[in-house]
K.L.:
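Input: one structure, supplied below.
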Amino acid sequence: MAANYYLAFDFGASSGRAIIGKIENDKISLEEIHRFPNGPIQILGHLYWDFPYLFNELKKGITLAVKKGFPDLQGMGIDTWGVDFGLISKDNQLIGNPFCYRDSRTDGMLERALAKMPKEKIYEITGIQFMQFNSLFQLFSMVETGNHLLNIADKLLFMPDLFNFFLTGEKLNEYTIASTSQLLNAKEKNWAGDIFSGIGLPEKLFSPIIQPGTMIGDVLPEIKQETGIKRLEVIAPATHDTASAVVAVPALTGNWAYLSSGTWSLMGIEADAPIISDDSMRFNFTNEGGVNGKIRFLRNVMGLWLLQRCMFQWELDGKKVSYKEMDSLVETAQPFRSIINPDDAIFLNPPEMTKAIQEFCERSDQPVPRTRGEILRTIFESLALKYRFIMDVVNSVHDKKIDRLHIVGGGSQNQILNQFTANALGIPVIAGPAEATALGNIVVQAIAKKELNSVEEGRELIANSFELKEFTPENRNQWEEAYQRVKNLFR
């Protein structure tokens, strides 16, 4: 069987990659051909994404694919983080750079929006977790402040839609990324008109919704000329990065849950229909779109962002911690000395993460972690115990008890956190693959091109192609005692 090649672009909040996926002889393999940094830029007190730079890096990736001998690609797909968007004018111009979800313009907007439309009504329609940076509240902040950009905008395109538009000229909103906005009716899988009218948002900005696997079209002639590609069909994968990562969960049997572990931790299950109840709203669970009509019932947790910001700060201070050193620092620190709630608002974007952790411990009457080992152990134990809390809620609202957890994404390589998670949950944890987002992206492209028949076939292909590591629970009594002591912190 001849090999087929696909190009996946995975844009994250800190970096982006262009990855070639090869499917041959019942195996799938990846080759990273381009990597580039990403990050918000602060201008006059606001945080923006540098879209022209990112689009240029995308074109570099296509050019490198040609130069490295991949001119005949079966397709190309783009996935990105959720909620953020760009505005397009009637003459097809980008109106300013997209805002970053961590920008302060949404401060207080959630509460002001809920004064116009009850929280219960919004959740009943959308089934989406309330977070102040959701697209709903980003747009509401623009309406409330009379932002003139809305007056000249013709269409709103979420980040992957924006890339697809400038590649093909097609203005479309893909389902999985649209579902993160809190502007979609979860049951009807279409725009929620009641939300637009209730909050006072302009519905005219939105385009028809397409499903994962839709063929969007060939790249524009100017892209071909600049990159040297002869033909490149753009295919919509699950364009939300977590939705693509879930496609790549190598689960073949059992009642499994997933944890997409990276800057954010997204933990949940695949469901056939939205799970919208008083409990799911009270515990702030979300119902985001998946492939083949599936719903990703999950909880979004401030994940390795906590670790990343601490390590960044230590490096600036000349006290850089290697990953090997991190293990020994954690192992020598006292267990369960201090536990934080990773989702406390103080951790969203503090000037110094270590001080934010110390402040949380001080105000919750716990010993304040001082050393790097104490801070690291606090982060890892707190994340693992928060995952346990999430699992308990999922088990209480779903009719099948979780018997294993699959951790995918970059965080699946963190063996201490994997082991702590198995200890806290009391069930086996299977770690890998690390490149789940790119793999899921490629699997959906291959299904669209009829090389694969189903997501299940793609998962089996991934399970046969990558080494997975299983972690079994240890020290269960100690972890159970700690969880019962601190679980009220997570409510």
Side-chain angles (χ1 to χ4, degrees), residues 9 11 46 48-55 58 76-101 103 105-106 126 128 133-185 188-212 214-220 222-223 234-240 243 288-289:
F9 279 91
F11 288 89
H46 288 286
Y48 301 91
W49 300 109
D50 189 348
F51 182 80
Y53 157 76
L54 293 174
F55 191 71
L58 186 155
M76 167 186 151
I78 296 168
D79 63 74
T80 79
W81 65 95
V83 307
D84 288 339
F85 55 83
L87 298 173
I88 301 294
S89 65
K90 287 185 178 180
D91 60 351
N92 292 334
Q93 300 300 307
L94 177 63
I95 307 172
N97 273 317
F99 281 92
C100 171
Y101 60 87
D103 182 66
R105 69 185 178 141
T106 57
T126 68
I128 293 295
F133 52 67
N134 288 350
S135 314
L136 168 62
F137 305 114
Q138 292 195 44
L139 275 170
F140 182 73
S141 75
M142 298 178 77
V143 172
E144 285 288 281
T145 57
N147 192 305
H148 71 284
L149 299 183
L150 285 180
N151 298 327
I152 58 176
D154 179 56
K155 291 298 176 186
L156 180 151
L157 298 174
F158 300 102
M159 293 303 292
D161 304 328
L162 201 59
F163 287 115
N164 289 334
F165 167 63
F166 284 107
L167 282 171
T168 67
E170 297 293 333
K171 298 175 189 172
L172 300 165
N173 294 132
E174 189 271 330
Y175 168 59
T176 65
I177 199 76
S179 74
T180 70
S181 66
Q182 210 164 19
L183 295 166
L184 216 63
N185 185 306
E188 297 177 2
K189 298 181 173 62
N190 212 333
W191 299 117
D194 291 348
I195 301 292
F196 290 98
S197 58
I199 303 295
L201 303 180
E203 191 172 358
K204 69 180 181 66
L205 296 177
F206 295 86
S207 298
I209 291 175
I210 61 171
Q211 290 295 318
T214 298
M215 308 284 196
I216 296 176
D218 196 8
V219 296
L220 295 168
E222 63 207 58
I223 303 293
V234 178
I235 301 170
T239 65
H240 184 218
E288 295 176 351

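Below, all heavy atoms of this structure are taken into account, side chains as well, without hydrogens, waters or symmetry copies. Sequence positions, counted from 1, serve as the residue numbers for this chain.
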K.L.:
Would you check if Val83 and Asn134 make a side-chain contact, meaning some heavy-atom pair closer than 4.5 Å?
P.N.:
yes

K.L.:
Which residues pass the salt bridge (charged side-chain N to carboxylate O under 4.0 Å, His left out) test with Lys171, not counting sequence neighbours?
P.N.:
Asp154

K.L.:
Taking the side chain as every heavy atom from C-beta outward, state whether Leu167 and Met76 have any atom pair closer than 4.5 Å.
P.N.:
yes

K.L.:
Heavy atoms, side chains only, cut-off 4.5 Å: are Leu184 and Trp191 in contact?
P.N.:
yes

K.L.:
Taking all non-hydrogen atoms of both residues, which atom of Glu174 and which atom of Asp161 are closest, and how far apart?
P.N.:
N-OD1, 3.2 Å

K.L.:
Could you report the tightest heavy-atom contact between Leu162 and Pro98, atom names first, then the distance?
P.N.:
CD2-CG, 4.1 Å

K.L.:
Below 4.5 Å, heavy atoms only, C-beta onward: do Phe158 and His240 meet side chain to side chain?
P.N.:
no

K.L.:
For the pair Asn97 (side chain) and Asp50 (backbone), establish whether a donor and an acceptor sit closer than 3.5 Å, ignoring hydrogens and angles.
P.N.:
no

K.L.:
What distance separates Phe163 CZ from Phe11 CZ, expressed to the nearest 0.5 Å?
P.N.:
4.0 Å

K.L.:
What is the minimum heavy-atom distance between Lys155 and Phe206, and which atoms define it?
P.N.:
NZ-O, 3.4 Å

K.L.:
Do Ile199 and Val143 come close enough that some side-chain heavy atom pair is under 4.5 Å?
P.N.:
no

K.L.:
For the residue pair Asn147 and Thr145, confirm or rule out a side-chain donor-acceptor distance under 3.5 Å.
P.N.:
no

